[in-house]
Amino acid sequence: MIARNWTLKDWAFPLVVLGGAALLAPLPAVAGSYWMALLVNILMYSVLATAWALFSGPTHYVSLATAAFFGLGAYTMAFLGEKLPLPLVYPAAALIGAVVATVVGLSTLRLSGVYFVIFTFGLAELVRQLVTWGEAKFGGTVGRFVFIDVNQQGIFWMLLGLLALVLLVGYAIQRSRLGWALRAIGEDETVARHSGIDTTVSKVAVFVVSATFMTVVGAVMAPRWTYIDPSIAFNPIISFQVLIMALLGGAARLYGPILGVVPLAILFEILQANFPNSFSILLGLTFLVIVYFVPNGVVGLIDQGRDKIARAVGRRPHPAE
Amino acid sequence: MFLVDVILSGLILGGIYALVAMGLSLQYGVARIMNLAYGEFTIAGSFAAYLLFSASGLSPILALAVAMPLSFALNWFIYRLLMTPLVRRAKSPGALEVDSILATFGLLFVVQGIMLVVFGGSYVSYSYLAVPVDIIGSTVALNRLLAAGIAVAIALGLTLFLMRTRIGTAVRAVSVNPAAAPLVGIDTTTYAAFAFALGGALVAGSGVLVSMFLTFNAAMGVVFTMKALIVVIMGGVGNIFGALVAGLILGLAEALTAAFLDSGLTLAVNFALFLGILLVKPTGLFGKAAR
């Protein structure tokens, strides 16, 4: 899939990712439990938002299904955590996520823009109702206890590894023919189809990759709760926060969503601690502010700033930048 | 007569769904705003009726006369304040759809948050006209029957208004072709705001009617948004008659599922209907061939 040999410049991004991960890895040794909780939160949303942007960034298909896959992963852990050896549960979650995403993708990605948004909007609710129904019918209870011995450090390292992995996979996709195909679809789907791109296959492939990451994150996070029920695991606020964070950062670049996750995760932490009752209102207002005032995200602001500096210096930016 | 029971309750539910969806059909079909906060306004209407009923004993029928104009004004302001900048910014209809989805998604949490703060998260209901009525051998609660009847009356009134009056014709013109409407002297922005506000009045009205027989809470809006979206898309965007038929189909499908399969699967059936129709006929049952 890679068109040409990699030069030194091409290795820069993977090296930065691996170096960054190596730098962050010893953090649990110094951080107290409050800071660990915050860090785990930031990492969780970083993986989710990056995975979200993997698909929704280039194609402009706004997906609100994050919670559906996240919850699926959490439930996989709750069901299989005590039945299978732990190292097998994560691949199992990935497999389940991939299969569900393939079915969902094949049936919905033929829908155009707004219909796709609506379907994914309802998907989390649908999966939630199906799980509730299944639990009530066959399990006898709605909630479930998750007694799995994974401590905060373990979760931290797993999420850090996932974040590095999702960035590297994203980088590989971006540089492959698939990446070009996605960008073409985002620009104009009809033109993309006419130039010989199998749009359905391309969209479903990346949708599945993105959803698989979300599912695994759900599985990794489940032991943190000890008790889950459908309204916790499939909480629509998860989809919503991921969307805001990715938008604030900017979905056009691979590293964009992380720029949005860090400030917002900290802001939400502060808001939730100080205004637990009006959290939802403040969340909505934050979101509105971002939609109206930072429509292209932090990445867009950086690009704008760079253009301005470049113009002031007299150098015209290269069109490819 | 079990089957008659099921069909009757399905039709009554369907009539309500149709009314819930008509407002969205106006907002999306004419003003081109895909309003994800829609269901929150349904619940807001329900709470208004509950407040008026429990505080001053005002009957929900009269609450309609209070809630609908209020919601009309409120939605007019929302369109003017929040949506107009997006309409100006949008380069294409597609960009406006995405922007409006994002903005109303934020609005959803604001409205829901306000209701949670004011009313808390518990379920609420009140008893109004909870008397059994006998229709062809099956028993129906009078409040349900009345709600469905008012819903159909409002739907017919709206259809007449859109089809027979000058303003209604202008609204339809904007819906058919917003670019050409100004050529015949129609102020698109004003009519879009009017349609959005009218949709807001309908959604509050449907909320009042729903509250007559349904137990509700502040977090339930999403369910109504989903149902309204499904009905609008099934019936064809901007098609009021289509919304009526699609609403009845949805109500029937739900009642049949609950009776013969399992009441936990109604939403799954909703989605199956939604997807099935979109895959077979992407513009809805009565949609135009291409937009």
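Just so we're on the same page: letters track the sequence lines, and every chain starts at 1. All figures in this text were calculated on a predicted structure; none of them were measured in a lab. Values reported hereafter were calculated over all heavy atoms of this structure, with side chains retained and with hydrogens, waters and symmetry mates removed.
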Asker: As an exercise, state the distance from CD1 of A/I237 to CD of B/Q112, rounded to the nearest 0.5 Å.
Answerer: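 Here the interatomic distance stands at 7.5 Å.
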Asker: Which atoms of A/F240 are under 4.5 Å from chain B, going by heavy atoms: the side chain, the backbone, both sets, or neither?
Answerer: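 Both backbone and side chain.
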Asker: Using the side-chain contact (heavy atoms from CB on, under 4.5 Å) rule, take B/V110 and A/L282 through it: C-alpha gap first, then chi angles, then the decisive distance, then the call.
Answerer: CA-CA 7 Å; B/V110 175; A/L282 295 168; over 6 Å; no
Asker: Please classify the contact between A/L64 and chain B as side chain, backbone, both or neither, with a heavy-atom cut-off of under 4.5 Å.
Answerer: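 It is the side chain, since no backbone atom gets that close.
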Asker: Select one option (side chain, backbone, both, neither) describing which atoms of B/L116 are under 4.5 Å from chain A's heavy atoms.
Answerer: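 Neither part.
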Asker: Which bit of A/L130 is near chain B, if near means a heavy-atom gap under 4.5 Å: side chain, backbone, both or neither?
Answerer: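 Contact with chain B is through the side chain of A/L130 alone.
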Asker: Does atom CZ (A/F293) have a neighbourhood of more than 12 heavy atoms from anything else shown, all under 6.0 Å?
Answerer: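 Not more than 12 within 6.0 Å, no.
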Asker: Should we say atom CZ of A/F268 is surrounded by more than 12 heavy atoms from elsewhere, each under 6.0 Å from it?
Answerer: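 Count over threshold, so yes.
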Asker: With a 4.5 angstrom heavy-atom cut-off, could you sort out which part of B/T225 is near chain A: side chain, backbone, both or neither?
Answerer: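 B/T225 touches chain A through side-chain heavy atoms alone.
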Asker: At a heavy-atom separation under 4.5 Å, does A/I290 approach chain B through its side chain, its backbone, both, or neither?
Answerer: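 Contact with chain B is absent: no heavy atom of A/I290 under 4.5 Å.
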Asker: Please check if the distance between the ring centroids of B/F109 and A/F287 is under 6.0 Å.
Answerer: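 Not under 6.0 Å, so no.
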Asker: Check each atom of B/I230 against the heavy atoms of chain A and say whether the ones under 4.5 Å are side chain, backbone, both or neither.
Answerer: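 Neither; nothing under 4.5 Å.
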Asker: Of the backbone (N, CA, C, O) and the side chain (C-beta and beyond), which part of B/L102 lies under 4.5 Å from a heavy atom of chain A, both, or neither?
Answerer: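 Both backbone and side chain of B/L102 come within 4.5 Å of chain A.
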Asker: Can you confirm whether more than 12 heavy atoms, excluding those of B/W76, are under 6.0 Å from its CH2 atom?
Answerer: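 Yes.
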Asker: Restricting to non-hydrogen atoms, name the atom on A/Y292 and the atom on B/R89 that form the minimum distance, rounded to 0.1 Å.
Answerer: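 Shortest heavy-atom contact: O-NH1, 3.4 Å.
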